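Down below is the structure, laid out as structure tokens.
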Number of protein chains: 2
Amino acid sequence: MAPRTTAREKLLDAAVKLIRQHGYTATTLDDLCAEAGVTKGAFFHHFKSKDDLGQAAAQFWDERTGTLFLEAPYHDHEDPLDRVLGYIDFRGSIMDGEVHEFTCLVGTMVQEVYRDAPEIRKACRDSIFGHAGTLVEDIQAAMDQHGLTPSWTAESLANYTQATLQGAYILAKATDSNEASLECVAHLRNYVALLFANKH
Amino acid sequence: MAPRTTAREKLLDAAVKLIRQHGYTATTLDDLCAEAGVTKGAFFHHFKSKDDLGQAAAQFWDERTGTLFLEAPYHDHEDPLDRVLGYIDFRGSIMDGEVHEFTCLVGTMVQEVYRDAPEIRKACRDSIFGHAGTLVEDIQAAMDQHGLTPSWTAESLANYTQATLQGAYILAKATDSNEASLECVAHLRNYVALLFANKH
DNA sequence: TAATGCATACCAACTGGTTGGTATGTGTGC
DNA sequence: GCACACATACCAACCAGTTGGTATGCATTA
């Protein structure tokens, strides 16, 4: 990925890192500027307020992760079910390194700001549900291919994957480890496999 | 439940309410004292610091929710699988009212403090995994009764229920609604039902 | 071609209000 | 009297945001 050169991009990178580590409120403007290597003046040249930065960070996160998933190998499978299972496997494969490196910016941020910063909440919602939306087509295709007409929808299953992954991140932060999180990914994979195991 | 009479209990109630609404860091000592109807002097008589209150709040949450679940009707089922499924149904039945009323204090708090307040992180971990632990016996009994010897463990399935519920709370905060959350509970229930649907 | 004016991207210092916490005082019950 | 459970007043540090400035680039004009 091209190195960030502008102050705005540096601040967004700093926001992704520090907010995942410390939360939104505990991350101060001074922290962000120090991490980005710019001054408060530069900050306020690009952002109207701290909340403006938070909203931009959620959108930036959505774009960046969107690119990551767009280029992920699970799209290469021909079978839609393999794509869905491959997506879950991919999510597990990137649950590595320091906890803050693989946990989610928007899931972290929305927990504490959902009442006080509606614009940030909406940006977080759009990121989470927008990302879930990228899975719906493959899930629906797998349902059609298997002749499934269950009581649940492709959309609710897609949302469910995001909920369990967000919850896995909470377990990671609670334990400061990825062990319980990876077990959750295995259960999620098992659930999807079970759903489509039934023959029609 | 008996009304809270001491300042300490009032502060803990205030902490549960305000931290679920605003997050830990954004909830100030002044906010807590105002909500509890006491002064800073009372606060610091009972708590050494804000972080001390945070740790006590996590423990208080664990005790209070422990009592709630201990008295929940799902224990009445004779069949252990019915108790597990009943537990999930119960979790869904209390996902009602204002979002902050049914979301989780410890899941909210650990997201932002896990690096900066290890004592709070541990109290949150103990609450989450301790609560998961209360399900292990029923899950194991259901496994034994159904003759299941899967690759996963009762403990990992118990942890998985907590992860998906925590994630469901994140979706609730992102959408300011319980709709997506209840769908997640339905998927969780479906998964557990599927696991035990197989005959031996 | 050079001067000028303006826009942009910053910088360093500053500000008013807030914050977590401290010091001291007071009332009550034993 | 002392311990306890508070209340009040205060403090130093911190916070988000502001202010006045500089440096640079670009378009326009003479």
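Quantities reported herein were computed from a predicted structural model and do not represent experimental measurements. Chain letters run A, B, ... following the sequence lines, proteins first, then strands; residues in each count from 1.
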Task: Smallest separation among heavy atoms of L32(B) and A14(B), with atom names - done: O-CB, 3.7 Å

TODO: Look at the rings of F69(A) and Y74(A) and say which category their plane angle falls in: under 30° parallel, 30 to 60° tilted, over 60° perpendicular.
DONE: tilted

Open item on the list: Both conditions, 6.0 Å and 45 degrees, for the charged tip of K50(A) above the ring of F43(A): are they met here?
Closed with: no

Task: DNA chain C contacts among residues 30-48 of chain A, heavy-atom distance under 4.0 Å - done: V38(A), T39(A), G41(A), A42(A), H45(A), H46(A)

- [ ] Could you please spell out the steps behind the salt bridge (Lys or Arg N to Asp or Glu O under 4.0 Å) verdict for D176(A) and R115(B)?
- [x] CA-CA 9 Å; D176(A) 209 11; R115(B) 274 174 78 102; over 6 Å; no

- [ ] Take atom CG of L29(B) and atom P of dC11(D), then tell me their distance rounded to the nearest Å.
- [x] 19 Å

TODO: Let me see the working for R83(A) and Y87(A) under side-chain hydrogen bond (donor to acceptor under 3.5 Å, both in side chains), right down to the final yes or no.
DONE: CA-CA 6 Å; R83(A) 291 202 289 274; Y87(A) 166 80; over 6 Å; no

TODO: Mind telling me whether W152(A) and F196(A) have parallel, tilted or perpendicular rings, with 30° and 60° as the class edges?
DONE: perpendicular

- [ ] Say whether, by atom type as modelled, one donor and one acceptor occur between the side chain of R20(B) and the main chain of E101(B) under 3.5 angstrom.
- [x] yes

Task: Distance, rounded to the nearest Å, where R8(A) contributes CZ and dT8(C) contributes C1' - done: 15 Å

TODO: Supply the atom-to-atom distance C184(B) SG to Q166(A) CD, rounded to the nearest 0.5 angstrom.
DONE: 11.0 Å

TODO: Name every residue in residues 49-57 of chain A that has at least one heavy atom under 4.0 Å from any atom of DNA chain D, in order of residue number, or write none if there are no such residues.
DONE: S49(A), K50(A)

